[in-house]
Amino acid sequence: MLGKLLKYDLKAEYKTYGILYIVLILTSFLSLVTSKILDNYPKNIVVEAIQKLFIAGVSVLSFSIFIITIVFSISRFYKNLLKDEGYLMHTLPVSTSQLILSKYIAFFIWSIAAAVVVFFAVSISAGGFEWINIFAQGYRKGFEIVNHQDFTKFNIYLIILIVITPLAFMSHVYLSFAIGQLSNKNKLGMSVAAFVVIYFVEQIVSTIITLLLPNSGVSFEYNSDIGPTTETIEAFSKITDYMLIGVIITALVAAAMYIVSNVILTKKLNLE
Amino acid sequence: MSLAVCKNVRKTYGNKIALNDVSLEIEGGKIIGLLGPNGSGKTTLIKILSGLLTADSGDIAILGNPIGVKTKKVVSYLPERTYINEWMKVKEMINFFADFYDDFDVQKAYDMLTRLKINPNDKLKTMSKGTREKVQLILVMSRNAELYLLDEPIGGVDPAARDYILETILKNYNEKASVIISTHLISDIENILDDIIFIKDGNITLHSTVDEIRGQHGKSVDALFREVFAC
């Protein structure tokens, strides 16, 4: 049943996302074309202005596409499960956990799709994939101060965090809606209030955890002649460990929020 | 075994009592009118049976199962509002129902669409409210469910369509199934009812067969309703 739910969740929005992706890819092509024209007419101010406009367009659209994915996914959850369509969805012979999981997976798929489209848009705009090498070299250079082993761990944790942080954010939003729908008067207002309260609780807990960690303050020293100092390597190693703690806490909090949302929407569904 | 059982079901909205220790047994093979004025608790009871609301206390079972995935497999629910995905075409909505409900009869749905001259390729978004309600009713009645919960199924449609809807209900439920119809348009549905339930301020005030009412009170259900619920 989860597969069927997911099918309809993806079908509901693929046209809208498709248009967005096409607009972004077209803008990146136009950016490339104007770059080529500028190569032939390097002093043409009009072409240069248009080229800058398209590059700005690619940048803004690339950023916006992720924001739009989040906004659409939130809207889809609310409208499909807690407004009129919820009358259909919650009377289907599927569990509440499947209804919620389908929304998570759809959001994840659209986020990956957005990342892939942005990757190709940037590559088209840059006239090839050379920018990846340049970016990778710059990134690696920035981490010359640390040893290789920690650099690898750091990158793994970073990738995991990039993946789970948006999912954790959606858990936060879904839990807020689950709490908000309990209200008989103003469900949306209550959802916003729940979001703010959960945010403050998260901030307080994370501050306490940070304070509990030993030697939270770290400093780096780097001399290009002698390489990283022992203290710097240790400090980076500590930061890498903290990132792992961050990964674990983020995952646990997200999972807890999903479980609570599921319990509320199963035991206390209130579609008035 | 009774088809549906409610024992001491209570539901409140803040200070307002929507259902006050309601106890009820629904047998199979009946068309039951759930009758009461606005705000009497009809919709709340139907929503609790369909799983859209949870009771504050009490026990509810359908075919012996508490409200959940198992009961949703055998309950066909028509809400008082438009709940279909408006971005879909009618035929896509039929596929949606066929995907999720094992008891959904696709052919029956297409037959009813043809009879009502509704094009399966039309988008639900472009349809009038009345036509969308007809599509919803077709979807709900194309299931071979055990219990049909119809909340105000004739409230928003013209009188000609009303007759067709009532005919549709009569024709399309199997003999073991029961249909609960919530409405305050009693005279329109009185002829098809087997049983009636009067509900007032969250309390069941009468649960009887239509024949008993006519025999004991010597009046129609509509006349009795007007007497009991006189303002």
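Here is the naming used below: chain letters follow the sequence lines, and residue numbers restart at 1 for every chain.
Interatomic distance, B:Trp87 CH2 to A:Glu13 CD, rounded to the nearest 0.5 Å: 9.0 Å. The structure places CG of B:Asn85 at 4.0 Å from CD of A:Glu85, a figure rounded to the nearest 0.5 Å. In this structure, CZ on B:Phe97 lies 7.5 Å from CG on A:Leu92, to the nearest 0.5 angstrom.
The number of heavy-atom neighbours closer than 6.0 Å to OH of B:Tyr110, taken from other residues, nucleotides and ligands shown, is above 12. Within 6.0 Å of OH in A:Tyr199 there are 12 or fewer heavy atoms belonging to other residues, nucleotides or ligands. Within 6.0 Å of NZ in A:Lys4 there are more than 12 heavy atoms belonging to other residues, nucleotides or ligands. The environment of A:Phe120 atom CZ is sparse: at most 12 non-hydrogen atoms of other residues, nucleotides or ligands sit within 6.0 angstrom. For CZ of A:Phe195, the number of neighbouring non-hydrogen atoms (other residues, nucleotides, ligands) closer than 6.0 Å is greater than 12.
B:Asp151 does not touch chain A: none of its heavy atoms, backbone or side chain, sits under 4.5 Å away. Both the backbone and the side chain of A:Lys11 come within contact range of chain B, with heavy atoms under 4.5 Å apart. Contacts between B:Phe96 and chain A at a heavy-atom distance below 4.5 Å involve backbone atoms as well as side-chain atoms. Contact of B:Tyr13 with chain A is made through backbone and side chain together, with heavy-atom distances under 4.5 Å. Looking at B:Lys11, the atoms closer than 4.5 Å to chain A (heavy atoms on both sides) all sit in the side chain, from C-beta outward. For B:Lys73, the parts sitting under 4.5 Å from any heavy atom of chain A are the backbone and the side chain alike. The parts of B:Ser50 that come within reach of chain A are both its backbone and its side chain, each placing non-hydrogen atoms under 4.5 angstrom from that chain.
Side-chain atoms of B:Lys72 come within 3.5 Å of backbone atoms of A:His90 as a donor-acceptor pair (strictly under, hydrogens ignored). A side-chain donor-acceptor contact under 3.5 Å links B:Lys47 to the backbone of A:Leu271.
Taking the side chain as every heavy atom from C-beta outward, B:Leu53 and A:Asn270 approach each other to under 4.5 Å.
The choice from A:Thr96, A:Leu5, A:Asn80, A:Thr266 that makes the most heavy-atom pairs within less than 4.5 Å of chain B is A:Leu5.
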Kindly determine whether A:Leu88 and B:Met93 satisfy side-chain contact (heavy atoms from CB on, under 4.5 Å), including the steps that lead there.
CA-CA 11 Å; A:Leu88 174 60; B:Met93 205 63 220; 3.3 Å; yes
For side-chain contact (heavy atoms from CB on, under 4.5 Å), just list the numbers for B:Leu52 and A:Thr91, CA-CA rounded to whole Å, side-chain angles, deciding distance to a tenth of an Å, and then say yes or no.
CA-CA 7 Å; B:Leu52 295 177; A:Thr91 46; 4.0 Å; yes
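Under the 3.5 Å distance criterion, with hydrogens and angles disregarded, a donor-acceptor pair is assigned to the side chains of A:Tyr8 and B:Asp99.
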